[in-house]
Amino acid sequence: MKISQFLRKYHLHDSPVDSINYQSEAKHLVFVMTLCDWSGEVKDPEEVFGQSGTLIFEGVQQLQANPPLESLSWEWKSRPEILDLVYKAELDREGLEGVWGLILLSEKDEDKGYVKVLEIKFVATHFEWRPDT
């Protein structure tokens, strides 16, 4: 399934994320997460709701993350959640599909009083979902 088809089928809003890791040599962007499908196009949302696994985007190029992924510890008081992870046709280039997303890292920074959000943007060839067994 193409990235654009997957992100139309599964709306990942509110899906908890345990970590996001970029493997530069393999060009893989790896999300360890739990699926929440609140409004996607699956026939039975119960089939995917709460399913834990690994979402791997392959052939990743032009990765931009703010803050940078390597600066994140993934040790939060509450699990980060996907606010939005969508296909962006305007990012497509040379057979690669564009993805843009926001991940809520923490509800409120106790010292500074604001939420912390990760913005991520990249293009990739395809993806693979590996459910935990």
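Keep in mind it's a predicted model, so treat the numbers as computed, not measured.
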Give me the atom names and distance for the closest heavy-atom approach of [X] to [Y].
| X | Y | value |
| --- | --- | --- |
| Pro67 | Lys116 | CG-CE, 4.4 Å |
| Gly59 | Leu96 | O-CD2, 4.3 Å |
| Leu91 | Val99 | CD1-O, 3.8 Å |
| Val60 | Ala124 | CG2-CB, 4.0 Å |
| Pro80 | Trp74 | CG-CZ3, 3.7 Å |

For the atom pair [atom1] ([X]) and [atom2] ([Y]), what is the distance rounded to the nearest 0.5 Å?
| X | Y | atom1 | atom2 | result |
| --- | --- | --- | --- | --- |
| Glu119 | Asp84 | CD | CG | 11.0 Å |
| Phe127 | Leu7 | CZ | CG | 7.5 Å |
| Gln5 | Glu97 | CD | CD | 8.0 Å |

For residues [X] and [Y], determine if any side-chain heavy atom of one lies less than 4.5 Å from a side-chain heavy atom of the other.
| X | Y | value |
| --- | --- | --- |
| Lys2 | Tyr87 | no |
| Val123 | Asp92 | no |
| Arg79 | Asp18 | yes |
| Leu12 | Met33 | yes |
| Lys121 | Lys88 | no |

Are [X] and [Y] connected in the hydrophobic side-chain network, where two residues link if heavy atoms are under 4.5 Å apart?
| X | Y | value |
| --- | --- | --- |
| Ile82 | Val32 | no |
| Val30 | Leu55 | no |
| Leu105 | Ile120 | yes |
| Ile56 | Leu63 | no |

Test applied, side chain to side chain contact (heavy atoms under 4.5 Å, CB included); reference residue, Leu118; option that passes from Leu104, Asn66, Val17, Leu72: Leu72
Test ring pair (Phe, Tyr, Trp, His ring centres under 6.0 Å) applied to Tyr22 - qualifying residues, sequence neighbours left out: none
Sequence-distant partners of Phe57, ring pair (Phe, Tyr, Trp, His ring centres under 6.0 Å), two or more places apart: Phe31, Phe122
Any donor-acceptor N/O pair, His13 side chain to Leu83 backbone, under 3.5 Å: yes
